[in-house]
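Here the structure is a predicted model, which is why all the values come from computation and not from measurement.
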Amino acid sequence: MLLASCAVGPDFMPPDAPPATGYTSERRLAPTGSAATPGGNAQSFAAGSDLPGTWWALFHSRQINAFVEEAIRNHPDIEAAQYALRAARENALSQQGSLFPQVSASGSAERTQASTTQSGQWPGQTSLYTLYGASVSVSYALDLWGGTRRQVEALQAQADYQAFRMEATYLSLTANVVTAAITDASLRDQIAATEEIIKAETDQLERIQRQFDVGAISKSDVLSQEATLAQAKATLAPLQKQLAQQRNQLMAYLGRLPHQDRGEHVSLAELRLPRKLPVSLPSSLVRQRPDIRQAEATLHQATATVGVGIANLLPQVTLSGSYGASGPERLFSPTTLVWEAAASVSQKLIDGGALYHTKEADVATFEQDLSLYKSTVITAFQNVADSLRAIQYDAEALKAQAAAEKATADSLNMAIEQFKSGAVPYANVINAQQSYLNARVSRIKSQATRFTDTAALFQALGGGWWHRQDETPAALPRANPGYFAGPNRTTQEAM
């Protein structure tokens, strides 16, 4: 009966990938535009190509590589995810033990003094004797309907969920580290550009002041330049605040405290923008995104739980037996041997519909998880499409910003020369300076955005975790020191 038994309830099958031929309405994405500035090269999309496990290495920055390695090594979230996975695996292995017979042994020795007065004899006489006992008991719950196997299946699905949650933690952390390092570099360049503008405008104020002293210009020109210089200085402090907070965030990603900042940083000029971007096929995305695989594992667990609910509605069969001996001496002699064999069947007849409605709740949970799985898939495709569009249009934005920076720089130089010759009022120089400062800062932001867009695409595509093999001991279940459970230990001893 055991060999022929089946597991009731639905068997889990991973949902089919959505019938998508691409991530965007275009059948094939054209290469991006380019700009004559670091990080401004064109990028093409290699449809169907696989992602590397260490995608951040495509930026060709040793410092970014070092940051990512340190974060993976030190961040507590990684360690917590590993222990969560280990706990889930241990729970699954624990439940697997229910599929086997449960065997226990017991022994006893009792020294007793008896008196004949206990039976009404008088005068009483006492006697001493020792009573020994030993037995082995076996209990086995027949899993006729597969309820226990479904419980094991549900816990194994929970372990799969924790495994993909750990991968999602890795992916989120590495992407955050790369983005934080790039943002840090962008803020440093913005601060450097602002300081250059402040120095240039300070020098310009000194020249204007000398011209005013000799009566060549009016006081209003001096005041206008002072106002422009003050406005430029006012933009510096907010950038410095953002940089300080960004450094604190980066240190947190690295598993450091803020005071442990050693000053390592990335320069935008040293980064290399990948020219060829691998883009997974839509049919592969559902197997590569950790959040989709998490949703799938949750759906698998819900499917198995439905089987458990159905099995609980059916009769439960248990076999048990014991063998042992009990007597004052010579244990296991024919006169002291005792044994017992039993079989029991239990079935709830009236429970107010508790088991039925529990099963129906499990079915509703399955339907809920199926809908959430579909929602996760839709969001994943949206993330990839958003990243592809961002890479396309932000390349055009950088091209326009680079052109704007060059045009405003030329306009500023021309305004200064014209002012020197008296052809234009000083207000023209002020306007040109403001335009150039804004254009330069915008160009730096657009330059950094192209790198962060690329990182976002790699994250949206799953990050190549399937190529990474760094299963740490913290995530592995501990080996059983023996077949038998052994004596109980205290929590402190077990740790």
K.L.:
For Ala36, enumerate each residue passing the side chain to side chain contact (heavy atoms under 4.5 Å, CB included) test, keeping only those at least two apart in sequence or located in another chain.
P.N.:
none
K.L.:
Restricting to non-hydrogen atoms, name the atom on Pro10 and the atom on Thr303 that form the minimum distance, rounded to 0.1 Å.
P.N.:
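Reported closest heavy-atom pair: O-CG2, 3.4 Å.
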K.L.:
Quick one: do the Gln209 and Asp213 side chains pair a donor with an acceptor below 3.5 Å?
P.N.:
yes
K.L.:
Would you sort out whether Ser280 and Gln288 count as a side-chain hydrogen bond (donor to acceptor under 3.5 Å, both in side chains), showing the intermediate values?
P.N.:
CA-CA 9 Å; Ser280 304; Gln288 295 175 352; 2.9 Å; yes
K.L.:
If we ignore angles and hydrogens, is there a donor and acceptor under 3.5 Å between the side chains of Ser446 and Gln401?
P.N.:
no
K.L.:
Hey, does Glu417 have a side-chain heavy atom less than 4.5 Å from the side chain of Asn413?
P.N.:
no
K.L.:
With a 4.0 Å cut-off on N to O distance, would you call Asp410 and Lys406 a salt bridge?
P.N.:
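Judged by the 4.0 Å cut-off on N to carboxylate O distance, Asp410 and Lys406 do form a salt bridge.
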K.L.:
Can you name the nearest heavy-atom pair linking Phe419 to Ile217, along with the distance?
P.N.:
CZ-CG2, 4.1 Å
K.L.:
Backbone N or O of Thr449 within a donor-acceptor pair of the Thr452 side chain at under 3.5 Å?
P.N.:
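Between the backbone of Thr449 and the side chain of Thr452 there is a qualifying donor-acceptor contact (under 3.5 Å).
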K.L.:
Taking the side chain as every heavy atom from C-beta outward, state whether Thr32 and Tyr393 have any pair of such atoms under 4.5 Å apart.
P.N.:
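No, every pair of side-chain atoms sits at 4.5 Å or beyond.
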K.L.:
Check the pair Gln95 / Asn91 against side chain to side chain contact (heavy atoms under 4.5 Å, CB included), numbers first and verdict last.
P.N.:
CA-CA 6 Å; Gln95 186 61 36; Asn91 287 333; over 6 Å; no
K.L.:
With sequence neighbours left out, what residues match Leu268 under side chain to side chain contact (heavy atoms under 4.5 Å, CB included)?
P.N.:
Ile182, Ala185, Ser186, Asp189, Leu271, Ile444, Gln447, Ala448, Phe451
K.L.:
Using a 6.0 Å cut-off, check whether atom NZ of Lys359 has over 12 heavy atoms from anything other than its own residue.
P.N.:
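Correct, the count exceeds 12.
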K.L.:
Is there a side chain to side chain contact (heavy atoms under 4.5 Å, CB included) between Glu226 and Leu223 once you walk through the steps?
P.N.:
CA-CA 5 Å; Glu226 288 178 346; Leu223 295 176; 3.5 Å; yes
K.L.:
So Gln260 and Met251, do their side chains get closer than 4.5 Å, heavy atoms only?
P.N.:
no
K.L.:
Do Glu264 and Phe67 have side chains that get closer than 4.5 Å, going by heavy atoms?
P.N.:
yes
K.L.:
Which atoms form the tightest heavy-atom contact between Ala168 and Gln294, and what is the distance?
P.N.:
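So the minimum-distance heavy-atom pair works out to CB-OE1, 3.6 Å.
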K.L.:
Which heavy atom of Arg440 sits nearest a heavy atom of Ala193, and at what distance?
P.N.:
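Nearest pair, atom of Arg440 first, then Ala193: NE-CB, 3.5 Å.
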K.L.:
Does the Arg150 side chain pair with the main chain of Gly9, one donor and one acceptor, at a distance under 3.5 Å?
P.N.:
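Yes.
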K.L.:
Could you tell me whether Glu201 and Lys233 make a salt bridge, using a distance below 4.0 angstrom between a side-chain N and a carboxylate O?
P.N.:
no
K.L.:
Please check if the side chain of Gln43 supplies one atom and the backbone of Pro274 the other of a donor-acceptor pair under 3.5 Å.
P.N.:
yes
K.L.:
Kindly compute the distance separating CD (Gln158) from CG (Leu85), expressed to the nearest 0.5 Å.
P.N.:
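Here the interatomic distance stands at 10.0 Å.
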K.L.:
What's the shortest heavy-atom distance between Ala46 and Lys276, and which atoms?
P.N.:
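Of all heavy-atom pairs spanning Ala46 and Lys276, the closest is CB-CE, 3.7 Å.
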K.L.:
Taking NZ, NE, NH1 and NH2 as the nitrogens, is one of them in Asp453 or Arg389 under 4.0 Å from a carboxylate oxygen of the other?
P.N.:
no
K.L.:
So do Tyr23 and Pro282 actually touch side chain to side chain, heavy atoms under 4.5 Å?
P.N.:
yes
K.L.:
Under the criterion side chain to side chain contact (heavy atoms under 4.5 Å, CB included), I'd like the reasoning laid out for Asn312 against Thr358: C-alpha separation, chi angles, the key distance, then a yes or no.
P.N.:
CA-CA 10 Å; Asn312 289 337; Thr358 298; over 6 Å; no
K.L.:
Might you point out which heavy atoms bring Leu277 and Thr454 nearest each other, and give the distance in Å?
P.N.:
CD2-CG2, 3.7 Å
K.L.:
Output yes when a side-chain donor or acceptor of Ser375 lies under 3.5 Å from a complementary backbone atom of Ser371, and no otherwise.
P.N.:
no
K.L.:
Can you tell me how far the OG atom of Ser172 sits from the CD atom of Gln459, to the nearest 0.5 Å?
P.N.:
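One gets 6.0 Å once the value is rounded to the nearest 0.5 Å.
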K.L.:
Do the side chain of Ser224 and the main chain of Ser220 share a donor and acceptor less than 3.5 angstrom apart?
P.N.:
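Flag set: sc Ser224 to bb Ser220 pair under 3.5 Å.
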K.L.:
Atom CZ of Arg275 and atom CG of Asn41: how far apart are they, to the nearest 0.5 Å?
P.N.:
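Result: 4.0 Å between the selected atoms.
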K.L.:
Any ion pair linking Glu196 and Lys199 (charged N to carboxylate O, less than 4.0 Å)?
P.N.:
no
K.L.:
Counting heavy atoms not belonging to Arg165, are there more than 12 under 6.0 Å from its CZ?
P.N.:
no
K.L.:
Donor-acceptor pair, distance only, cut-off 3.5 Å: does the side chain of Asp369 make one with the backbone of Ala302?
P.N.:
no
K.L.:
Does Asp143 use its side chain to pair, donor to acceptor, with the backbone of Gly147 at less than 3.5 Å?
P.N.:
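Yes, because the side chain of Asp143 sits within donor-acceptor range (under 3.5 Å) of the backbone of Gly147.
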K.L.:
Do the non-hydrogen side-chain atoms of Gln433 and Tyr436 ever get within less than 4.5 Å of each other?
P.N.:
no
K.L.:
I'd like to know if the side chain of Arg62 and the backbone of His60 have a donor-acceptor N/O pair within less than 3.5 Å.
P.N.:
no
K.L.:
A side-chain contact here means heavy atoms from C-beta on lying under 4.5 Å apart; do Tyr170 and His75 qualify?
P.N.:
no
K.L.:
When you measure from the side chain of Asn438 to the backbone of Gln434, do you find a donor-acceptor pair of N or O atoms at a distance under 3.5 Å?
P.N.:
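Yes, Asn438 side chain to Gln434 backbone: donor-acceptor pair under 3.5 Å.
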K.L.:
For Thr179 and Asn176, indicate whether the former's side chain and the latter's backbone hold a donor-acceptor pair under 3.5 Å.
P.N.:
no
K.L.:
What's the spacing between Asp160 CG and Gln301 CD if we round to 0.5 Å?
P.N.:
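Those atoms lie 10.0 Å apart.
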K.L.:
Which distance, rounded to the nearest 0.5 Å, do you find between the CE of Met166 and the CD1 of Ile78?
P.N.:
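Going from CE on Met166 over to CD1 on Ile78, the span is 8.0 Å.
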K.L.:
Centroid separation under 6.0 Å, is that true for the rings of Trp465 and Phe164?
P.N.:
yes
K.L.:
Please lay out, stage by stage, how Leu254 and Asn74 fare under the test side chain to side chain contact (heavy atoms under 4.5 Å, CB included).
P.N.:
CA-CA 6 Å; Leu254 300 180; Asn74 293 337; over 6 Å; no
K.L.:
Are Arg287 and Glu296 close enough, and set up right, to give a salt bridge (Lys or Arg N to Asp or Glu O under 4.0 Å), and what steps lead you there?
P.N.:
CA-CA 10 Å; Arg287 312 309 304 164; Glu296 180 184 309; 2.5 Å; yes
K.L.:
Could you tell me if the side chain of Trp55 sits less than 4.5 Å from the side chain of Val178, heavy atoms only?
P.N.:
yes
K.L.:
Check the surroundings of atom CE in Met414: do more than 12 heavy atoms from other residues, nucleotides or ligands lie under 6.0 Å from it?
P.N.:
no
K.L.:
Rounded to the nearest 0.5 Å, what separates atom CD in Glu26 from atom CD in Gln392?
P.N.:
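The CD atom of Gln392 is 6.0 Å from CD of Glu26, to the nearest 0.5 Å.
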K.L.:
Please determine which of Ile378, Val286, Thr298 meets the side chain to side chain contact (heavy atoms under 4.5 Å, CB included) test together with Tyr373.
P.N.:
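Only match with Tyr373 under side chain to side chain contact (heavy atoms under 4.5 Å, CB included): Val286.
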K.L.:
Would you call the rings of Phe59 and Phe458 parallel, tilted or perpendicular if under 30° counts as parallel and over 60° as perpendicular?
P.N.:
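Perpendicular: the ring planes of Phe59 and Phe458 meet at over 60°.
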